Amino acid sequence: MPARLTKPPVSFGLDRLGTPIGIALLVTDAAGALRALDWEDYEHRMRELLRLHYGAVELNDQPAPAAMRTALSDYFDGDLGQISGIAWRIAGTPFQQKVWNALAQIPAGTTMSYGALAARIDMPKAIRAVGHANGSNPISVVLPCHRLIGADGSLVKYGGGLERKRWLLRHEGVAV
């Protein structure tokens, strides 16, 4: 029987950053780009998303770039524009990448419905698919999935929990 070729695990760095809403897990690549940002109490979910996007993943304790840590800390201290300068890189299907890139264009202090985002990417009937892609977003806060809300203005689903979503939106000046 021929030997199976196995791909070596993708290696990323893992750092932790204290925030007002919990410990953020920062996953970065060798070039210092953010590959995932999730919450310590959702580490299992983050690891599963990484596995789905990259296959076998090895996370090694490694400080995230100082500029990234500073930008995130500044965001949580109220300088909302700081996160737009964070370098990030994503894997995923072309559709997921389209949704995630569109998320990055939603300004702080605003919200958008799943349907409006589907229309923005020229796929107005793909509301549910946009919801699924949003739920698979590995880079919380920086790719602001928390800014998506229900068509009726209600807070719906957030991988880090609705209390965090509510905090993030209030932090950005959205009345919720």
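All values derive from a computational prediction rather than experimental measurement. All values below come from the heavy atoms of this structure, side chains included, with hydrogens, waters and symmetry mates left out.
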Is the closest side-chain heavy-atom distance between [X] and [Y] below 4.5 Å?
X    : Y    : result
Q82  : D77  : no
V10  : L50  : no
R164 : T19  : no
L155 : I149 : yes
R47  : D38  : no

Is the Y75 ring parallel, tilted or perpendicular to the H171 ring (thresholds 30°, 60°)?
->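 It falls in the perpendicular class, over 60°.
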
In terms of hydrophobic clusters joined by side-chain contacts under 4.5 Å, are [X] and [Y] together?
X    : Y    : value
L14  : V141 : no
F12  : I90  : no
I139 : L72  : yes
L59  : M68  : no
V27  : W88  : no

Reported [atom1]-to-[atom2] distance for the pair [X] and [Y], which is rounded to 0.5 angstrom:
X    : Y    : atom1 : atom2 : value
R16  : E43  : CZ    : CD    : 5.5 Å
R147 : I106 : CZ    : CD1   : 7.0 Å
I23  : L17  : CD1   : CG    : 8.0 Å
K98  : D122 : NZ    : CG    : 6.0 Å
L117 : Q105 : CG    : CD    : 10.5 Å
M46  : L37  : CE    : CG    : 9.0 Å

Nearest heavy-atom neighbours spanning [X] and [Y]:
X    : Y    : result
N137 : L143 : ND2-O, 2.8 Å
V142 : P144 : O-CD, 3.2 Å
Y158 : L168 : OH-CD1, 3.4 Å
A102 : R120 : O-NH1, 4.4 Å
E58  : N60  : OE1-ND2, 3.6 Å
A118 : A126 : CB-C, 4.1 Å

Between [X] (side chain only) and [Y] (backbone N and O only), is there a donor and an acceptor less than 3.5 Å apart?
X    : Y    : value
R89  : A33  : no
N134 : V130 : no
W100 : A91  : no
K165 : V156 : yes

Side chain to side chain contact (heavy atoms under 4.5 Å, CB included) partner of R166, the single match among V174, V176, I21 =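 The option that passes is V176.
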
Cut-off 3.5 Å, side chains only: do T28 and D15 have a donor facing an acceptor?
->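 D15 and T28 do not have a side-chain donor-acceptor pair below 3.5 Å.
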
Determine whether the aromatic ring centres of H146 and W39 lie less than 6.0 Å apart.
->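 H146 vs W39: aromatic centres not under 6.0 Å.
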
Quick check: are there more than 12 heavy atoms from other residues, nucleotides or ligands sitting under 6.0 Å from NZ of K157?
->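 Atom NZ in K157 is not crowded, with 12 or fewer foreign heavy atoms closer than 6.0 Å.
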
Using the salt bridge (charged side-chain N to carboxylate O under 4.0 Å, His left out) rule, take E48 and R45 through it: C-alpha gap first, then chi angles, then the decisive distance, then the call.
-> CA-CA 5 Å; E48 180 61 14; R45 185 184 87 89; over 6 Å; no

